[in-house]
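What follows is a set of notes on a single structure, which appears directly below.
None of the values given here were measured: they were computed from a predicted structure. Counting starts at 1 for both ligands and their atoms, in listed order.
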Amino acid sequence: MSKSILNFIQTAIKKGDKLLAILLDPDKTSLKDIPAISKRIEKLKANFVFVGGSSIQKGITEIFVKSLKNNTELPVILFPGDYSQITNYADGILFLSLLSGRNPEYLIEQQIKAVPFLKNTSLEIIPTGYILIDGGTNSSVLKISNTKPITQTNIKLAVNTAVAGEYKGKQLIYLEAGSGAKNPVNSKLIAKVKQQISIPLIVGGGIKTKQQIQAVFSSGADIVVVGNAFENKTL
Ligand code: 1GP
């Protein structure tokens, strides 16, 4: 399995570069729009396309990723809400563990169910510690995982969860306020987590404008993920 995505991220960070990922949900994006969407993504100078969602029908992700790969040179990375969204047509997969939650389904069960789909895969598997922070909305991650997010003020718990993730061998930490969050992850929390980990930090959820993206980068995020704002064409 190649490590080119992770190497690219690590090299970019060493150079002080910041990276942008656009999240596409195959359930909300029509296949016929993919060529135009791909052009918009490249115009924004995004570095990756993440593909995932919480309620995608089986098989849809594969058709979607295939079409995306025909329209963009950017790495396509699966950000699956469920193991059934795995397809070998992508370049990599964020192999997520929901470390903020105490639901075994999202700590280990889904990962075990994913193994038969990943056994002979060409996907780059990227172990990722996924940490849900309260974004002020009842997000789909929250509903589906049936877990409690970490509050925006419990910085100590967020930091210790991220550091535990690094000790467990995760290669990335993802601070998630939830898709469509009212309150994106606050800058103090991002900065404190970044100070205490030595692996790359992804931040997403409720980030809508270029100014907000810059602020999240300045706080210490290495990769920012934008979904809704791209979909609604406000970015
Ligand atoms: C959700 O972090 C992502 O998993 C993106 O959130 O859709 O609010 O940009 P938004």
Side-chain angles (χ1 to χ4, degrees), residues 9 18-29 33 37 40-41 44-56 61 64-65 74 76-83 85 90 92-101 106 110 126 128-147 149-150 152 158 161-162 165 170 172-187 189-190 193-194 200-217 219-235:
I9 295 170
K18 300 290 185 180
L19 305 170
L20 177 65
I22 298 297
L23 172 64
L24 300 178
D25 182 341
D27 248 1
K28 298 186 194 158
T29 318
D33 294 336
I37 280 176
R40 276 180 59 218
I41 293 176
L44 278 171
K45 297 197 169 27
N47 305 91
F48 310 103
V49 187
F50 284 4
V51 174
S54 35
S55 53
I56 308 169
T61 311
F64 189 87
V65 169
L74 291 176
V76 175
I77 302 176
L78 300 174
F79 174 52
D82 182 280
Y83 72 94
Q85 293 170 20
I93 176 169
L94 297 184
F95 199 67
L96 304 164
S97 297
L98 184 59
L99 300 178
S100 53
Y106 293 95
Q110 281 284 325
I126 310 170
T128 304
Y130 194 46
I131 301 176
L132 190 57
I133 307 293
D134 186 4
T137 39
N138 208 0
S139 70
S140 19
V141 194
L142 206 137
K143 279 185 260 175
I144 287 178
S145 70
N146 196 18
T147 63
I150 295 176
Q152 294 263 0
T161 306
K170 305 299 177 203
L172 300 174
I173 292 295
Y174 190 144
L175 295 175
E176 168 74 273
S179 189
K182 193 163 77 185
N183 314 312
V185 182
N186 74 71
S187 55
L189 195 152
I190 297 171
V193 168
K194 180 64 187 169
L201 180 62
I202 310 182
V203 179
I207 300 167
K208 298 185 192 76
T209 63
K210 287 196 173 149
Q211 288 82 342
Q212 270 180 318
I213 295 175
Q214 284 316 319
V216 175
F217 281 146
S219 307
D222 300 300
I223 304 174
V224 165
V225 185
V226 177
N228 273 286
F230 178 81
E231 217 171 88
N232 303 335
K233 299 192 179 165
T234 55
L235 185 77

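The N/O atoms of Gly205, backbone and side chain alike, include one that comes under 3.5 Å of an N/O atom in ligand 1. Taking only nitrogen or oxygen atoms, main chain and side chain alike, Val225 does not reach within less than 3.5 Å of ligand 1. Checked by distance only, ligand 1 and Gly227 come closer than 3.5 Å through their nitrogen or oxygen atoms. The distance criterion of under 3.5 Å between nitrogen or oxygen atoms is met by Gly206 with respect to ligand 1.
At a heavy-atom cutoff of 4.0 Å, ligand 1 is contacted by both the backbone and the side chain of Asn228. Contacts with ligand 1 closer than 4.0 Å are made by no heavy atom of Phe50, backbone or side chain. Residue contacts with ligand 1 for Glu176 involve side-chain atoms from C-beta outward but no N, CA, C or O (heavy atoms, distance under 4.0 Å).
A distance of 9.5 Å separates CG in Leu96 from CD in Glu176, rounded to the nearest 0.5 Å. Remark: Ile131 CD1 to Ile173 CD1 distance equals 4.5 Å, nearest 0.5 Å. Note that OG1 of Thr137 is 7.5 Å distant from CG of Asn183, once rounded to the nearest 0.5 Å.
Looking only at atom types and distance, the side chain of Ser97 has a donor-acceptor partner in the side chain of Lys170 under 3.5 Å away.
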Result block: side-chain N/O donor-acceptor pairs under 3.5 angstrom for residues 203-214, not counting sequence neighbours:
residue: Thr209; atom: OG1; partner: Gln212; partner atom: N; Å: 3.0
residue: Gln212; atom: OE1; partner: Lys208; partner atom: N; Å: 2.6
residue: Gln212; atom: OE1; partner: Thr209; partner atom: N; Å: 3.2

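Note on ring orientation: taking the six-membered ring where Trp is involved, the planes of Tyr130 and Tyr174 are perpendicular (angle over 60°, cut-offs 30° and 60°).
Every atom of ligand 1 with a heavy atom of Phe79 under 4.0 Å away is listed here by number and element: 4 (O). Counting the atoms of ligand 1 from 1 in the order shown, those under 4.0 Å from a heavy atom of Val226 are 9 (O). Here is the list of ligand 1 atoms found below 4.0 Å of a heavy atom in Gly180: 7 (O), 8 (O), 10 (P).
Nearest heavy-atom pair, Gly52 versus Pro26, reported as atom, atom and distance to 0.1 Å: O-CD, 3.9 Å. Shortest non-hydrogen contact noted between Ile144 and Ser54 is CD1-CB, 3.2 Å.
Using a non-hydrogen distance threshold of 4.0 Å, Phe230 does not register as a contact of ligand 1.
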